[in-house]
Colleague: 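Before I ask anything, let me first share the structure, which is written out below as structure tokens.
Just so you know, ligand 1 is whichever comes first in the structure, and atom 1 is the first atom listed for that ligand.
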Amino acid sequence: MQNKIEQYTSEINSFQPADAAELETFRIRFLGTKGLIKDLFEEFKTVSSEEKRVMGKVLNEFKQLAEGKYQSLKESLTVESETTGTEADLTLPGEGFQSGSRHPLSLVRKEIIEIFKKLGFNVTEGPEIEDDWHNFSALNFPEEHPARDMQDTFFIKKGGEKGDIALRTHTSSVQVRMMENGKPPFRAIMPGRVYRNEAISARAHCFFHQVEGLYIDENVSFADLKQTLFYFVQELFGEGTKVRFRPSYFPFTEPSAEMDISCTICKGDGCQLCKYSGWVEILGCGMVDPNVLENCKIDSEKYTGYAFGMGIERITNLKYQIKDLRLFSENDVRFLQQFQSELI
Ligand code: DAH
């Protein structure tokens, strides 16, 4: 046994592999599950206990030698192959840089912001975790309004200083923050994520995105609202897109309306998307209710204004004809890749 170890030791010390395959042969020969070291350990079991004391140490040192040699040869081989790779041919083309693409919701959000910026609107944001006051009460929601129900809203904590804490259900809460923290005139849009307690399906999700708009000044009228939104639609969906306003109800606006645009697919002739009506709804809007202005300490005798709110998913669906809302949050590269890539 002693002799064998001496012989193997000199073999290992002088071993210099030409390539990775030779090193692998070395590994199998000495360190493999059926290798020589394994055999030596088998043989070790048969020697006398006196001999064991000496040979145990020798055998362990031999094993370490073999393993150490293998490790250092392996490292030097990888370093070598990496450096020779680049040194060998510097004229090889570089590796392609794969740039990402913007998420469709980000593209549309950006487009909406750009249009309103041209009209002099600022961009502001507010918190996603809101209190009852900013999400509901200041916006004139009555105490018993169904939106306050557990079924619709994700509540976080009961009874804070300004009421229960919840995930905001709409970006209208940012209007309130803006009016509370500043002095009129206000002209801003407020994009952001909102949350509702909905079962996830192709048509509903527990979170989505909205853009809120607010314009408060002296003598702001419904005509201003109509013209602004008309311009917005022409810019976003193309010249010639028709709009119509239908009376509606929101606690925070009076009068309130919903705005439809002529169907982006059939241009009004009737198709599946517009359910053969020729029109699709894209937003809610109205004149800010004087109660809301007063709640935010703004003189409702002096100031008037309008507000509107739209869903970014809805507009993205119309622009790109995406039929399943879940695609927006699944991060499937095959879906995301299809949208124009931009670096900024
Ligand atoms: N907050 C409404 C919603 O989430 C959308 C909305 C409607 C916002 C009318 C407004 C508005 O500012 O005036 O459904």
Colleague: Under 4.0 angstrom from ligand 1, any heavy atom of Arg196?
Modeller: yes

Colleague: Examine the side chains of Ser137 and Arg148 and answer whether a donor and an acceptor come within less than 3.5 Å of each other.
Modeller: yes

Colleague: Is Ile113 reachable from Met190 through a run of I, L, V, M, F, W or Y residues, each pair having side-chain heavy atoms under 4.5 Å apart?
Modeller: no

Colleague: Answer with yes or no whether Gln175 contacts ligand 1, where contact means a heavy atom under 4.0 Å from a ligand atom.
Modeller: yes

Colleague: Side-chain donor-acceptor pair under 3.5 Å between Thr304 and Asn219, yes or no?
Modeller: no

Colleague: Atoms of ligand 1 less than 4.0 Å from Gly284 heavy atoms?
Modeller: 7 (C), 9 (C), 11 (C)

Colleague: Can you list the atoms of ligand 1 that are under 4.0 Å from a heavy atom of Gly286?
Modeller: 13 (O)

Colleague: Within a distance under 4.0 Å of any heavy atom of Ala307, pick out the atoms of ligand 1 and give their elements.
Modeller: 12 (O), 13 (O)

Colleague: Where is the nearest protein heavy atom to atom 12 (O) of ligand 1: which residue, which atom, and how far?
Modeller: Glu212 OE2, 2.6 Å

Colleague: Would one find an N or O of Thr169, backbone or side chain, under 3.5 Å from an N or O of ligand 1?
Modeller: no

Colleague: Hey, looking at atom 11 (C) of ligand 1, which of Tyr249, Phe252, Phe208, Phe250 has the closest heavy atom?
Modeller: Phe252

Colleague: How about Glu313 and His209: does a side-chain donor come under 3.5 Å of a side-chain acceptor?
Modeller: yes

Colleague: Could you check whether the rings of Phe121 and Tyr306 sit parallel, tilted or perpendicular, using 30° and 60° as the cut-offs?
Modeller: tilted

Colleague: Going by the order shown, which atoms of ligand 1 are within less than 4.0 Å of some heavy atom of Gln210?
Modeller: 3 (C), 4 (O)

